[in-house]
Amino acid sequence: MREMTIGQNEGGQRIDKFLSKRFKTMPQALVYKFLRTKRIKLNGKKAAPGDFVETGDVLNLYISDEFFAEDTEEKAFTHITPKLNIIYEDNEIILVDKPVGLLCHSDDKEGYNTLINHIKAYLAKKGEYTGEEAFAPALCNRIDRNTCGIVIAAKTANALRDMNRRIKERSVNKRYLAAVHGIPSAKNGTLNDYIRKDSGANRVYLSKDKKHADEKNAVTKYRVLETAKDISLVEAELVTGRTHQIRAQFAAIGHPLLGDGKYAVNKKDRQQGYSHQSLCSYKLKFEATVEDSLSYLDGKVFYASTPSFLKLFKYRF
C-alpha cells in the first residue's frame, strides 16, 4: 500500500480525472475497477469516480508498483542541471529568456534538453516540484528552436488556465524584433494570409485565398523601426500565433528574415555569420482583462535580452 497526499495544484478535480493524469499507464477501465473494489480509497473511505479530491486529502493506493514506475521522458528533468535566464518569477508564473538553439518541448530528435525540462529542474532544485504531482509546470506559449526571447511558464494549475485564456483573448501583447532583407515599401502595415502547416516538412505554406479546410488565418502587424544598408529592423505584433508566421509572411512579400534558410536561401547570410532566422520575442505586455489569479500582472511590461542581430542597428530597447 502507498499513501499519497493531494497537493495544492491537484485539488478541485474529480478523482478519476486526477488518477488518469497521475498514472498515465493505468487504463481508464482499471481506474474505475480500483475505485469500485476499494483498492483506491479517499481519506480512508470508498470513493466514487465523481468524487472530488481537495488539497490535503489522503489517498490509500492498493495497486501494483508498476504504475509508480518512473517514466523516462517525463523524468528527464531529474538529470538536468538547470540553466535559465529568468526575467521574472513569482508564485504563479516564470518568464524565461530562451536562447537560440534550445527547443521549448521535445520532438522526435530531442527529448531531453528542452526549455520545459530546464524549468522543471530549476523548480525541483528549489523544492517546488518533484515530478510526482498530477500537475506539472507547463509552457503557455512557445517559440521556434532558433528564435530567442520571452516564453511564459505556469507554475500552478490556476495560472495555466488563466494565462491560456488571456492569450486566447489576446490580452497578452507579444512583440517581436526581426531583421529582414530589403526595405519594405510600407513603413507600417498588416500582413494577412491563410496558412497551412506541413508537419512532415516542418514548414508552412501561404495563400491569399482559403484553398484547404486545414488552412488558418494568419495576421501580423508590423512597423519598420530602422534601416541599415539593405537590412531593415522590423517590430512585429502577432494578432494570430501560427507556426513560422512571421518568417513565412515576410518571405512572401520579398523580405525574408536575415539568416533564414527555410523560407529563403541563406548562403550569403551564413558567410556573414547569420545561420538562423534573426527573430526575437523581445517584449511582453499584460493588458487589463477580467479579474483572475493573474490580475496583479495587468499593465506590466517585460523585455528580453538584446538579440545579437541588433548590433546591426542603432535601435535599443
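Just so you know, residue 1 is the first one in the sequence shown, and it goes up from there.
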(request) From the options Leu279, Leu225, Thr306, select the one residue that forms a side chain to side chain contact (heavy atoms under 4.5 Å, CB included) with Leu177. (result)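 That would be Leu225; it is the only one of Leu279, Leu225, Thr306 passing the side chain to side chain contact (heavy atoms under 4.5 Å, CB included) with Leu177.
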
(message) Which residue in the set Ile94, Ile119, Ile152 passes side chain to side chain contact (heavy atoms under 4.5 Å, CB included) when paired with Leu139?
(response)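 With Leu139 as partner, side chain to side chain contact (heavy atoms under 4.5 Å, CB included) holds for just one option, Ile119.
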
(request) Please step through side chain to side chain contact (heavy atoms under 4.5 Å, CB included) for the pair Leu310 and Leu233, ending with a clear verdict. (result) CA-CA 8 Å; Leu310 205 58; Leu233 180 66; 3.6 Å; yes

Tell me whether [X] at atom [atom1] has more than 12 heavy atoms from other residues, nucleotides or ligands lying less than 6.0 Å away.
{"X": "Lys300", "atom1": "NZ", "value": "yes"}
{"X": "Glu54", "atom1": "CD", "value": "yes"}
{"X": "Asp214", "atom1": "CG", "value": "yes"}
{"X": "Lys33", "atom1": "NZ", "value": "no"}

Following the transitive rule for hydrophobic clusters with a side-chain heavy-atom cut-off under 4.5 Å over Ile, Leu, Val, Met, Phe, Trp and Tyr, establish whether [X] and [Y] coincide in one cluster.
{"X": "Ile87", "Y": "Val96", "result": "no"}
{"X": "Val151", "Y": "Val100", "result": "no"}
{"X": "Ile150", "Y": "Leu297", "result": "yes"}
{"X": "Tyr176", "Y": "Leu257", "result": "yes"}
{"X": "Ile6", "Y": "Leu35", "result": "yes"}

If you measure from [atom1] on [X] to [atom2] on [Y], what distance do you get to the nearest 0.5 Å?
{"X": "Cys140", "Y": "Leu95", "atom1": "SG", "atom2": "CG", "value": "9.5 Å"}
{"X": "Thr5", "Y": "Asp57", "atom1": "OG1", "atom2": "CG", "value": "9.0 Å"}
{"X": "Ile15", "Y": "Leu42", "atom1": "CD1", "atom2": "CG", "value": "5.0 Å"}
{"X": "Leu160", "Y": "Asn164", "atom1": "CG", "atom2": "CG", "value": "4.5 Å"}
{"X": "Glu128", "Y": "Thr130", "atom1": "CD", "atom2": "OG1", "value": "12.0 Å"}
{"X": "Gln245", "Y": "Asn217", "atom1": "CD", "atom2": "CG", "value": "8.5 Å"}

(request) Apply the side-chain hydrogen bond (donor to acceptor under 3.5 Å, both in side chains) test between Gln277 and each candidate in Asn146, Asp260, Thr147; give the one that qualifies. (result)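 So, applying the side-chain hydrogen bond (donor to acceptor under 3.5 Å, both in side chains) to Gln277 and each of Asn146, Asp260, Thr147, only Thr147 qualifies.
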
How about [X] and [Y]: do any of their side-chain heavy atoms sit closer than 4.5 Å?
{"X": "Glu3", "Y": "Leu59", "value": "no"}
{"X": "Pro99", "Y": "Cys148", "value": "no"}
{"X": "Pro184", "Y": "Ser232", "value": "yes"}
{"X": "Glu287", "Y": "Thr289", "value": "no"}
{"X": "Arg166", "Y": "Asp298", "value": "yes"}
{"X": "Val58", "Y": "Met4", "value": "no"}
{"X": "Gln249", "Y": "Asn192", "value": "no"}

(message) For Lys229 versus Ile183, what's the shortest heavy-atom pair and its separation?
(response)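 Shortest heavy-atom contact: O-CD1, 4.2 Å.
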
(message) On a heavy-atom basis, which atom in Phe313 and which in Ala179 lie closest, and how many Å separate them?
(response)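 Distance-wise, the nearest heavy atoms are CE1-CB, 4.1 Å.
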
(request) Kindly write out the residues that satisfy side chain to side chain contact (heavy atoms under 4.5 Å, CB included) with Ser207, not counting sequence neighbours, or none if the list is empty. (result)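 Ser207: side chain to side chain contact (heavy atoms under 4.5 Å, CB included) contacts with Tyr194, Lys211, Glu215.
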
(request) Over 60° means perpendicular and under 30° means parallel, so classify the ring planes of Phe250 and Tyr222, tilted if in between. (result)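 It falls in the perpendicular class, over 60°.
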
(message) Please tell me whether Asn60 and Tyr62 have a donor and an acceptor in their side chains that are separated by less than 3.5 angstrom.
(response)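 No, Tyr62 and Asn60 have no side-chain donor paired with an acceptor closer than 3.5 Å.
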
(message) Looking at Lys208 and Asp193, is there a salt bridge between them, counting it only when a charged N and a carboxylate O are closer than 4.0 Å?
(response)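 So Asp193 pairs with Lys208 through a salt bridge.
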
(message) Salt bridge check, Lys155 against Glu89: does any charged N sit closer than 4.0 Å to a carboxylate O?
(response)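 Lys155 and Glu89: salt-bridged.
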
(request) Take Gln272 and Leu258 through the side chain to side chain contact (heavy atoms under 4.5 Å, CB included) test and state the conclusion after the steps. (result) CA-CA 10 Å; Gln272 298 178 35; Leu258 177 68; 5.6 Å; no

(request) Under the side chain to side chain donor-acceptor pair (under 3.5 Å) rule, what do Asp162 and Ser293 come out as? Steps first, then yes or no, please. (result) CA-CA 7 Å; Asp162 290 341; Ser293 67; 2.5 Å; yes

(request) Return each pair, listed once, that meets ring pair (Phe, Tyr, Trp, His ring centres under 6.0 Å) where at least one residue sits in residues 256-285; pairs must be two or more places apart or across chains. (result)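 Applying ring pair (Phe, Tyr, Trp, His ring centres under 6.0 Å) to every pair that reaches into residues 256-285, excluding sequence neighbours, yields His244-Tyr263, Tyr282-Phe317.
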
